[in-house]
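Input: a single structure, listed below in structure tokens.
Atoms considered below: every heavy atom in the structure, side chains included; atoms not considered: hydrogens, waters and symmetry mates. Numbers for residues simply follow the sequence, beginning at 1. This structure is a prediction, so every number in the text was calculated from the model and none was measured.
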Amino acid sequence: MMHTPLTGTNHPRKFIPFGIKLLISYMMLIIIPIFLLGYFASGIMTDSIRSNTTNTIKGTLKQIEDNVVYKLEDTVRLSDLLYYDTTLSKQLLHYEEGWVSYEATTKLLLPKFRQTIESTNRSMWLTVYLRNETLPEVYYDTKNIDPLVIKGKFFDLLHLNRIAQKPWYKSYPVEHYGETLQWKQIEDDGRYNRISMLRRLVDLESAKPKEIGFMRISVYLSDLFQSVDSRKIGQAAPCLLPTAAGIFCMLREQPSSRRSNCGMRGEAKIISSSASRCRV
């Protein structure tokens with residue numbers, strides 16, 4: 001028999017306890033809004049922390065790059081003292097042996113080179129190769145030793161024929177006045193964790209750049225990358241740091257037992273170089 005509302009049959013009602021009603025109201029009015037607020041607040045804070053961290057790392061890398069470029073430019077500045085010296089250029093073109101050659105060496109060349117290396121407080125090794133063989137050679141015997149450890153700052157004066165057949169000299173880029181230079185590890189640089197800035201000396205009065213000498217300024221990698229510390233941007237975090245010279249520094253935290261003996265924290269390597277002049 002089918003029952004309808006007209007028959008008067010009563011359906012049993014489901015009873016919801018007051019505590020459950022109160023709990024549901026509490027969740028809808030308090031817990032759920034707090035959860036949603038916390039969720040959105042957490043997202044905003046995470047984005048803010050990520051943004052601040054990114055800006056901090058960028059600032060640190062920019063400061064490191066500026067410090068490296070400053071030291072690169074300081075080395076280039078020293079080479080400018082020789083490259084643009086008209087008196088030096090004329091003297092290197094003066095072919096006359098005997099007393100004239102000796103006097104030019106002792107009163108002009110040696111004081112000029114000494115003044116150049118003394119104008120910086122960094123350790124460096126200046127080597128000048130002369131095409132004019134009437135001028136005498138002045139140099140230290142550096143076989144099987146690192147002269148920078150002993151001397152700190154010094155210079156050598158050699159004849160160009162000593163390097164004429166060296167691959168790194170023969171492959172040097174074509175000269176563009178005031179622009180061409182190269183950072184490269186040559187000879188024993190790799191052995192002693194150094195790098196050299198290579199640059200020609202040219203006749204300043206010639207319409208076309210004519211080579212009259214060649215200079216090499218060797219410095220420690222640890223000196224150039226003194227400000228590089230991978231702990232500033234997180235351990236085990238490799239990155240590439242481009243500089244204005246086209247040089248890239250790779251940072252990679254190393255275990256203390258494997259760290260380089262050149263005095264750097266972590267590892268900093270030259271992995272690319274450019275023949276163009278450094279610019280900030």
Side-chain angles (χ1 to χ4, degrees), residues 68 70-93 104-133 135-143 145-164 166 168-169 172 175 178-204 211-226 245 247 262 270 273 275 277-278:
V68 173
Y70 172 79
K71 292 191 175 183
L72 292 172
E73 285 291 337
D74 182 57
T75 307
V76 174
R77 177 187 62 81
L78 296 178
S79 71
D80 285 345
L81 297 177
L82 304 180
Y83 189 92
Y84 294 107
D85 191 321
T86 55
T87 303
L88 175 64
S89 176
K90 291 178 180 179
Q91 190 60 55
L92 295 183
L93 289 169
T105 302
T106 56
K107 292 188 176 181
L108 175 65
L109 300 185
L110 299 186
K112 178 63 180 180
F113 298 147
R114 188 175 296 108
Q115 179 186 11
T116 300
I117 62 173
E118 291 297 333
S119 63
T120 182
N121 59 357
R122 297 161 51 208
S123 296
M124 64 174 49
W125 176 9
L126 169 65
T127 306
V128 180
Y129 299 93
L130 305 178
R131 188 172 294 278
N132 185 351
E133 296 188 7
L135 297 169
E137 292 186 323
V138 179
Y139 61 93
Y140 295 96
D141 184 7
T142 59
K143 292 181 180 179
I145 61 171
D146 182 8
L148 278 180
V149 173
I150 302 173
K151 297 289 185 180
K153 290 186 293 186
F154 73 105
F155 66 89
D156 287 333
L157 189 60
L158 302 170
H159 291 154
L160 193 62
N161 58 17
R162 287 178 175 265
I163 61 171
K166 299 283 186 180
W168 56 266
Y169 173 75
Y172 193 78
E175 182 68 22
E179 295 292 328
T180 305
L181 62 83
Q182 191 176 57
W183 289 91
K184 196 171 186 178
Q185 285 189 317
I186 61 173
E187 304 296 333
D188 59 355
D189 283 341
R191 178 181 178 184
Y192 296 115
N193 294 302
R194 298 191 307 254
I195 189 168
S196 295
M197 194 217 71
L198 309 175
R199 195 175 188 184
R200 290 188 180 95
L201 290 171
V202 298
D203 180 4
L204 299 179
E211 182 185 78
I212 58 176
F214 199 89
M215 61 179 133
R216 169 191 176 189
I217 301 179
S218 298
V219 296
Y220 283 120
L221 284 172
S222 57
D223 175 39
L224 289 180
F225 297 112
Q226 186 177 12
I247 293 180
C262 60
I270 298 293
S273 63
R277 181 184 176 87
C278 307

Taking only residues two or more places apart in sequence or in another chain, which ones pass salt bridge (Lys or Arg N to Asp or Glu O under 4.0 Å) with Arg131?
-> Glu211
Check against side-chain contact (heavy atoms from CB on, under 4.5 Å), Gln185 and Leu221 | CA-CA 10 Å; Gln185 285 189 317; Leu221 284 172; 3.7 Å; yes
What residues form a side-chain hydrogen bond (donor to acceptor under 3.5 Å, both in side chains) with Asp146, not counting sequence neighbours?
-> Arg194, Tyr220
To the nearest 0.5 Å, what is the distance between OG1 (Thr127) and CE (Met215)?
-> 11.5 Å
Check whether any side-chain heavy atom of Asp156 lies under 4.5 Å from a side-chain heavy atom of Phe113, and answer yes or no.
-> no
Taking every heavy atom of Pro136 against every heavy atom of Leu157, the minimum-distance pair comes out as O-CD2, 3.6 Å
Does Asp74 have any side-chain hydrogen bond (donor to acceptor under 3.5 Å, both in side chains) partners at least two apart in sequence or in another chain, and if so, which?
-> Arg77, Thr120, Arg122
What residues form a salt bridge (Lys or Arg N to Asp or Glu O under 4.0 Å) with Asp85, not counting sequence neighbours?
-> Lys112
Value for CG (Asp80) from OG1 (Thr116), rounded to nearest 0.5 Å, stands at 10.5 Å
side-chain contact (heavy atoms from CB on, under 4.5 Å) filter on Glu137, not counting sequence neighbours, yields Tyr139, Leu158, His159, Arg162
Is there a side-chain contact between Lys90 and Ile212, using heavy atoms and a 4.5 Å cut-off?
-> no
Pairwise distance CG(Leu109) to OG1(Thr87) - rounded to 0.5 angstrom = 11.0 Å
Is there side-chain contact between Leu72 and Trp183, with at least one heavy-atom pair below 4.5 Å?
-> yes
Test salt bridge (Lys or Arg N to Asp or Glu O under 4.0 Å) applied to Arg114 - qualifying residues, sequence neighbours left out | none
Correct closest heavy-atom pair for Arg216 and Ser218 would be NE-OG, 3.0 Å
With a 4.5 Å limit on heavy-atom distance, are the side chains of Ile186 and Tyr169 in contact?
-> no
Within-4.5 Å side-chain heavy-atom neighbours: Asn193 and Ser222 | no
Shortest non-hydrogen contact between Ala104 and Gln91, atoms and distance | CB-NE2, 3.1 Å
Applying side-chain contact (heavy atoms from CB on, under 4.5 Å), name anything that partners Ile117, two or more places apart in sequence or on another chain.
-> Leu126, Lys153, Phe155
Is the distance between the ring centroids of Tyr172 and Phe214 less than 6.0 Å?
-> yes
Give a yes or no on whether the backbone of Val76 and the side-chain of Ser79 come within a donor-acceptor separation of less than 3.5 Å.
-> yes
Non-neighbouring partners of Asn132 that pass side-chain contact (heavy atoms from CB on, under 4.5 Å), sequence neighbours left out = Tyr95, Thr134, Leu135
Rounded to the nearest 0.5 Å, what separation is found between the CD1 atom of Ile217 and the CD1 atom of Ile195?
-> 12.5 Å
Excluding sequence neighbours, so at least two apart, what forms ring pair (Phe, Tyr, Trp, His ring centres under 6.0 Å) with Tyr83?
-> Tyr177
Lys71 (side chain) donor-acceptor with Asp223 (main chain) under 3.5 angstrom | yes
If you measure only the distance, is there a donor-acceptor pair under 3.5 Å linking the side chains of Trp168 and Gln182?
-> no
Contacts of Lys151 meeting salt bridge (Lys or Arg N to Asp or Glu O under 4.0 Å) (sequence neighbours excluded), chain-then-number -> none
Kindly compute the distance separating CG (Leu130) from CG (Leu201), expressed to the nearest 0.5 Å.
-> 8.0 Å
Who are the ring pair (Phe, Tyr, Trp, His ring centres under 6.0 Å) partners of Tyr140, not counting sequence neighbours?
-> Phe154
Residues in side-chain hydrogen bond (donor to acceptor under 3.5 Å, both in side chains) with Thr105, at least two apart?
-> none
